[in-house]
Amino acid sequence: AQKITQTQPGMFVQEKEAVTLDCTYDTSDQSYGLFWYKQPSSGEMIFLIYQGSYDEQNATEGRYSLNFQKARKSANLVISASQLGDSAMYFCAMSPYSSASKIIFGSGTRLSIRP
Amino acid sequence: DTAVSQTPKYLVTQMGNDKSIKCEQNLGHDTMYWYKQDSKKFLKIMFSYNNKELIINETVPNRFSPKSPDKAHLNLHINSLELGDSAVYFCASSQGGQGHQETQYFGPGTRLLVL
């Protein structure tokens with residue numbers, strides 16, 4: 001079964017601290033893509049970062065990095081130096097090779113940054 | 001210069017009515033999608049079109065019918081609206097041809113409320 005699991009429904013973090021959002025996935029495909037999206041309270045879905053299953057380096061985009069551990073099937077998002085504007089829902093997602101362009105989303109983690 | 005746009009942003013209607021949501025992308029992408037996000041924030045794909053052809057059709061009631069007049073547009077028509085159709089509907093697009101490696105870019109969402 002193809003599945004994404006996000007075990008943290010909500011998190012509170014102090015501003016300027018780093019935060020790790022957990023994501024594990026399940027797929028029998030050898031080739032797949034992993035994504036993180038941010039959904040602020042305004043509702044739009046914003047693409048943050050992508051990791052391919054054959055990428056040897058962990059993906060990084062500014063303050064976002066993806067801690068990819070293939071053997072553990074985990075793809076945690078790390079946000080460094082958190083800001084108030086980082087408060088949002090964060091969704092981990094996967095696109096297995098066998099599903100062509102279909103993306104499967106996790107249930108999301110609501111991140112709240114405290115000033 | 002919105003990349004993926006949807007209209008309307010909000011839609012309030014009575015049960016039994018028929019309504020349409022429009023989506024347009026100016027990214028030159030070949031593939032477009034419709035997702036439904038329920039009240040618990042769970043996102044699920046409904047349909048996907050590549051170059052005006054249907055490629056993904058998840059288990060969605062027949063009352064939902066996507067229409068793609070050209071590859072830049074993917075509209076969603078809903079017949080005989082039911083209370084359970086209340087949700088946020090997101091349109092998305094991706095370049096096409098790269099399968100599981102493709103990043104999908106989302107529109108702002110249409111908040112549908114059926115009374």
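A note on names: the letters A, B, ... follow the listed sequences, proteins ahead of strands, and every chain is numbered from 1.
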Practice problem: Is it possible for you to say whether B:M15 and B:L113 belong to one hydrophobic cluster, with membership spreading through side-chain heavy-atom contacts below 4.5 Å? | Solution: no

Quiz prompt | Co-membership, hydrophobic cluster, residues B:L76 and B:I56, 4.5 Å side-chain | solution = no

Practice problem: Look at the side-chain heavy atoms of Ile, Leu, Val, Met, Phe, Trp and Tyr, link any pair under 4.5 Å apart, and say whether B:Y10 and B:Y89 land in one connected group. | Solution: no

Exercise. Side chain from CB out, backbone as N, CA, C, O: work out which of these in B:I45 comes under 4.5 Å of a heavy atom of chain A, or both, or neither.
Key: side chain

Self-check item: Exceeds 12 heavy-atom contacts within 6.0 angstrom, atom CG of B:D70
Solution: yes

Quiz item: For atom NZ of B:K44, is the number of surrounding heavy atoms from other residues, nucleotides or ligands below 6.0 Å larger than 12?
Solution: yes

Quiz prompt | Gap between atom CD of B:E58 and atom NZ of A:K102 - 0.5 Å precision | solution = 3.5 Å

Quiz prompt | Gap separating the OG atom of B:S94 from the CD1 atom of A:I103, nearest 0.5 angstrom | solution = 7.5 Å

Self-check item: Over all atoms of both residues, closest heavy-atom pair of A:F105 and B:Y35
Solution: CE1-CE2, 3.6 Å

Self-check item: Nearest heavy-atom neighbours spanning A:F91 and B:Q37
Solution: CZ-NE2, 3.5 Å

Quiz item: At what distance, to the nearest 0.5 angstrom, does OG of A:S95 lie from CD of B:Q104?
Solution: 7.0 Å

Self-check item: chain B-proximal positions within residues 26-51 of chain A [heavy-atom distance under 4.5 Å]
Solution: A:S31, A:Y32, A:G33, A:F35, A:Y37, A:Q39, A:S42, A:G43, A:E44, A:M45, A:F47, A:Y50

Quiz prompt | Sequence neighbours excluded, every pair satisfying side-chain hydrogen bond (donor to acceptor under 3.5 Å, both in side chains) that has a member inside residues 10-24 of chain A | solution = A:Q8-A:D22

Quiz item: Of all of B:Y105, B:F42, B:Y33, which one pairs up most often with chain A through heavy atoms under 4.5 Å apart?
Solution: B:Y33

Practice problem: Please check if B:F64 and B:L81 belong to a single hydrophobic cluster, counting links between Ile, Leu, Val, Met, Phe, Trp and Tyr side chain heavy atoms closer than 4.5 Å. | Solution: yes

Quiz item: How about B:K22: does its NZ atom have over 12 heavy atoms from other parts shown lying under 6.0 Å from it?
Solution: no

Practice problem: May I ask whether B:M32 and B:I21 are part of the same hydrophobic cluster, defined by side-chain heavy atoms of I, L, V, M, F, W, Y residues being less than 4.5 angstrom apart, directly or through others? | Solution: yes

